[in-house]
Amino acid sequence: MKQPGMSLVTEDVIRAHVQEIAVRIDADYPDDTLVLLGVLKGSWMFLTDLARAIKRPVRIDFMSVHRIRRGEELANPGQEALIAKYPESPLDNSHVLVVEDIVDTGVTVRQILAYLETLQLRSVQVATLLDKPARRMVQGLTLKYVGCQIPDVYVVGYGMDFKEDYRSLPDVRILDRCRYKHCVFYTDSAEDFCSEVCERSDFSTQEVELIKEF
Ligand code: IMP
Ligand code: MG
């Protein structure tokens, strides 16, 4: 069955990124307790694949962050985000690796790191499958393990949602047809772009012709 939209990061490419990150983690953490701290919900699929690809023993815990939405500012003055779920196990004296699906503005990761700074940890680093630097608001974030950078497009799949749908798709996809023009730089020519979109999407040739006109 054809999946919606167009694949931006295919299953094979994701697998290669996960494997590469896992090898680096095995080399970087020879001993001591390592906790993979997944940021719910988006990171769940990346975390389960990464945990299985890492050879050394790891512990698993989760946090979640609630972004303050329009209308909630009055009750939370000066806050952009709140911790909605704290880890359930004691993390003290452990190495902690924050596992994210995607770092966009950076507000979520900043909130998590600010909390972790209050604990007695051996080390804290961030692993993210995707990095979307175009919209970064938080400067100076160190993302030690990054699968790949993506352009400023909204993506779904591989754990990530649009209004809670699409999380179970096995690859990272773009749904919004208007945004396809952003992907042109992944190909060398308009013809490549058209055939690539046709092959990897549920678009008709006519629609692809329209996109090419952009
Ligand atoms: P940030 O706080 O703006 O860095 O965004 C962090 C969270 O927003 C990520 O962990 C994702 O869960 C979600 N997010 C950001 N960009 C996307 C996207 O393109 N698709 C799906 N979720 C996204
Ligand atoms: Mg996330």
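As the structure lists them, so they are numbered: ligands from 1, and atoms in each ligand from 1. The first residue in the sequence is number 1, and the count goes up from there.
For a threshold of 3.5 Å applied to N or O pairs, the pair formed by V155 and ligand 1 contains at least one separation below that value. Every N/O-N/O distance between G42 and ligand 1 stays at or above 3.5 Å. An N or O contact shorter than 3.5 Å links E100 to ligand 1 by distance.
In terms of heavy-atom proximity, I21 sits nearest to T128 at CD1-O, 4.5 Å.
If you look at D101 and ask which of its N, O or S atoms sits nearest the Mg ion (ligand 2), the answer is OD1. If you look at E100 and ask which of its N, O or S atoms sits nearest the Mg ion (ligand 2), the answer is OE1.
In the candidate list G106, S64, A81, G106 is nearest to atom 4 (O) of ligand 1, counting heavy atoms.
Considering only non-hydrogen protein atoms, atom 1 (P) of ligand 1 sits nearest to T105 OG1, 3.3 Å. Looking only at heavy atoms of the protein, atom 7 (C) of ligand 1 is closest to T108 OG1, 4.0 Å. Atom 14 (N) of ligand 1 has as its closest protein heavy atom I102 CG2, 3.7 Å. When only non-hydrogen protein atoms are considered, atom 18 (C) of ligand 1 lies nearest to Y154 CE1, 3.4 Å. The closest protein non-hydrogen atom to atom 5 (O) of ligand 1 is D104 CB, 3.7 Å. Scanning the protein heavy atoms around atom 12 (O) of ligand 1, the nearest turns out to be D101 OD2, 3.2 Å.
Side-chain atoms of D152 never come within 3.5 Å of backbone atoms of A134 as a donor-acceptor pair (strictly under, hydrogens ignored). For K132 (side chain) and V153 (main-chain N/O), a donor-acceptor pair under 3.5 Å exists by modelled atom type. Side-chain atoms of R173 come within 3.5 Å of backbone atoms of G5 as a donor-acceptor pair (strictly under, hydrogens ignored). Judged purely by atom type and a 3.5 angstrom limit, D92 uses its side chain to pair as donor or acceptor with the backbone of Q120. Of the possible donor and acceptor atoms, one in the side chain of H17 sits under 3.5 Å from a partner among the backbone N and O of G147.
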Q: Could you give me the CA-CA distance, side-chain angles and deciding distance for D101 and K41, then say whether salt bridge (charged side-chain N to carboxylate O under 4.0 Å, His left out) is met?
A: CA-CA 9 Å; D101 47 354; K41 298 182 198 172; over 6 Å; no
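Contact annotation: for K132 versus ligand 1, heavy atoms closer than 4.0 Å belong to the side chain alone. If you look at R67 next to ligand 1, the close heavy atoms, those under 4.0 Å, all belong to the side chain.
Using the six-membered ring where Trp is involved, Y158 and F46 have ring planes that are tilted, between 30° and 60° apart.
The neighbour count for Y29 OH, taken as heavy atoms of other residues, nucleotides or ligands under 6.0 Å away, is above 12. Heavy-atom contacts from other residues, nucleotides or ligands closer than 6.0 Å to CZ of R59 number 12 or fewer.
Listed by number with element, the atoms of ligand 1 under 4.0 Å from a non-hydrogen atom of V153 are 19 (O).
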